[in-house]
Structure formats: C-alpha cells, structure tokens
Amino acid sequence: MKKQLLVLVTFFFVASNAHALFELRAGYGVQTPADDEVGSANLKSLAGFNLDGIVELPLVPFGFGLRYENMASEVENIPLVGTADASFERTSLLINYRFIDLFAYAGVIGTIGFVNDYKIEIPGSTNEFDASLTYSVGAEAGVSLGLIMIGGELGYMMADLEGNGGSEVDLSGVYAKALVGVGF
C-alpha cells in the first residue's frame, strides 16, 4: 500500500510540474468592439497577430510574461471619404493561472498594458490617439504536443482611447485568439 501511495504522489508531483519553464507563442486574433461608432463612422472588428513570452517557475502556480499585439481594421461610412484604415499596437504585462497543466491545459489569463499607437488613417490625414491603459481578462485552453503547443483564448478587453481634437474611441469588447507556440 505504501509503495502504491508513493507512486501516486510522485506521479502527481511530476505531472503538476510538467509545464514549460518558458513559452513563446504566436497567435492570430479578432476583437469585436462593443461600441463600433467612431464619430459618424462604423469600425469593423479588429484582426491581427500577437506574440507572447511567458515564464512559469516550478512550484509557482502563476505564469508571468509580456504580450505584443498589432491589430488593424477598416472604418466605413466616413462622410465625404467613404472608408479609412484603423490600426493599433499594444504592449502589455500578462499573468496566467492554469487549473490544468498536463498534456492539456486550461486556465485564466489577464493583461494590463498600453495601446502604444492607435490611429485612423483617412486619405490626406491621420488621427492619432494618446497612449491609454488597457485591461483584459480571459480563459485559455489547449494541448501540449511535446515542445509544440496549440490552443486558444477567449476574453474581454477594456480600452477607451482619446484622440486629437477630443475624439474618443471605445475598443472594449470580446476577443478570441488562436495560438501556436513552443515550450522549453
């Protein structure tokens, strides 16, 4: 009986620390702003890529890291112009906690960061918005296939931006990401 208990405890101790010490992952995501109005224009959902670097220390239940995002969209129905391009870059700190971290993983993830560069480019002019503090909370899940990780993330980002001339954009809304990475 003692031998079986020792094997069971050893298995769970080793299995619970089976996660990587460092993860590097890239993703493609879509964000659907809840308020799609930019003045009298309509902002479509934003789409683009992200790059994450996450450190997960043994016996520490949380992972810490950085995320870089670059997203773009089209703004429609601009008076006298028609359409324009909108884009933003965001750098943020992230923290995750995985309830399951074996072959499959599942947990929660949160970020806090700055939108470094948000602009709407209309032919002949550009409206740039100031850096703004943003937040996101979400759930992540996926599988680890040796060094390769495949997963996804679904959450909500809060971001209110203020631009030149007092214009405001609320990019807050639901986001989804497909992620592929490696764990070392």
Side-chain angles (χ1 to χ4, degrees), residues 10-33 43-74 85-119 128-161 169 171-184:
T10 303
F11 171 76
F12 281 113
F13 179 73
V14 171
S16 68
N17 291 320
H19 57 71
L21 293 176
F22 180 74
E23 291 179 19
L24 182 62
R25 59 189 193 178
Y28 183 80
V30 176
Q31 164 127 2
T32 56
L43 175 66
K44 290 184 172 182
S45 61
L46 296 150
F49 74 92
N50 67 284
L51 184 63
D52 299 346
I54 303 172
V55 174
E56 295 181 358
L57 302 174
L59 302 176
V60 177
F62 296 96
F64 303 93
L66 291 173
R67 170 174 283 175
Y68 170 78
E69 296 173 281
N70 188 334
M71 314 244 343
S73 180
E74 194 173 85
D85 295 319
S87 63
F88 83 86
E89 293 180 16
R90 179 176 181 249
T91 305
S92 56
L93 297 173
L94 68 81
I95 186 169
N96 69 347
Y97 177 76
R98 293 185 176 159
F99 304 111
I100 301 169
D101 197 6
L102 301 169
F103 164 72
Y105 67 89
V108 294
I109 188 165
T111 66
I112 183 170
F114 282 97
V115 171
N116 308 23
D117 183 24
Y118 180 77
K119 57 187 168 190
E128 296 192 23
F129 292 75
D130 295 332
S132 178
L133 195 58
T134 60
Y135 312 90
S136 73
V137 292
E140 64 174 349
V143 294
S144 292
L145 308 169
L147 290 176
I148 305 297
M149 304 174 78
I150 300 171
E153 187 177 323
L154 179 65
Y156 190 85
M157 183 172 91
M158 287 100 11
D160 292 319
L161 308 176
V169 174
L171 295 178
S172 300
V174 175
Y175 72 87
K177 296 181 183 299
L179 303 164
V180 176
V182 293
F184 304 102

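Side chains are part of it too, since the values below use all heavy atoms of this structure and drop only hydrogens, waters and symmetry mates.
Across all non-hydrogen atoms, the minimal contact from S172 to M158 is OG-CA, 3.3 Å. When every heavy atom of E140 is checked against every heavy atom of V108, the shortest pair comes out as OE2-O, 4.3 Å. Residues S45 and P33 share a closest heavy-atom pair of CA-CD, 4.0 Å. Residue G113 comes nearest to S92 through the heavy atom pair CA-CB, 3.5 Å, listed as atom of the first residue, atom of the second, then distance. The shortest non-hydrogen separation linking Y156 to Y175 is N-CE2, 3.4 Å. Nearest heavy atom pair, residue E56 against residue D101, reads OE1-OD2, 3.7 Å.
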*For Y68 and D52, what are the C-alpha separation, side-chain angles and deciding distance, and is it a side chain to side chain contact (heavy atoms under 4.5 Å, CB included)?*
CA-CA 7 Å; Y68 170 78; D52 299 346; over 6 Å; no
*Stepwise side chain to side chain contact (heavy atoms under 4.5 Å, CB included) check, F114 with L133*: CA-CA 5 Å; F114 282 97; L133 195 58; 3.9 Å; yes
_Verdict with supporting geometry, M149 and R25, side chain to side chain contact (heavy atoms under 4.5 Å, CB included)_ = CA-CA 8 Å; M149 304 174 78; R25 59 189 193 178; 5.9 Å; no
*Give the C-alpha distance, both sets of side-chain angles, the deciding distance and a yes or no for side chain to side chain contact (heavy atoms under 4.5 Å, CB included) between V30 and L46.*
CA-CA 6 Å; V30 176; L46 296 150; over 6 Å; no
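The distance from the CE atom of M157 to the CD atom of Q31 is 4.0 Å, given to the nearest 0.5 Å. Going from atom CZ of F62 over to atom CZ of R98 covers 13.0 Å, rounded to the nearest 0.5 Å. Rounding to the nearest 0.5 angstrom, the gap separating the OG1 atom in T91 from the CG atom in D117 is 10.5 Å. From I112, atom CD1 reaches atom CG of L94 across 12.0 Å, with rounding to the nearest 0.5 Å. The structure places CG of L51 at 10.5 Å from CG of L179, a figure rounded to the nearest 0.5 Å.
T134 pairs by the side-chain hydrogen bond (donor to acceptor under 3.5 Å, both in side chains) definition with R90, not counting sequence neighbours. Every residue two or more places apart in sequence or in another chain was checked for a side-chain hydrogen bond (donor to acceptor under 3.5 Å, both in side chains) with Y105, and none qualifies.
Remark: the backbone N or O of R67 is not paired with any side-chain donor or acceptor of N50 at under 3.5 angstrom. A donor-acceptor pair is defined here as one N or O able to donate and one able to accept, closer than 3.5 Å; no such pair exists between the side chain of E153 and the backbone of G138. With S132 contributing its side chain and D160 its backbone, the two residues share a donor-acceptor pair below 3.5 Å.
Legend: salt bridge (charged side-chain N to carboxylate O under 4.0 Å, His left out) pairs involving residues 173-184, not counting sequence neighbours, sorted by first then second residue: E69-K177.
Aromatic ring orientation, F99 versus Y97: perpendicular (interplanar angle above 60°, classes split at 30° and 60°). Classification of the F184-F22 ring pair by plane angle, with boundaries at 30° and 60°, yields parallel.
Looking only at side-chain heavy atoms (C-beta outward), N70 and F88 stay at 4.5 Å or farther from each other.
Exactly one residue among I95, V137, L154, N96 makes a side chain to side chain contact (heavy atoms under 4.5 Å, CB included) with I109. That residue is N96.
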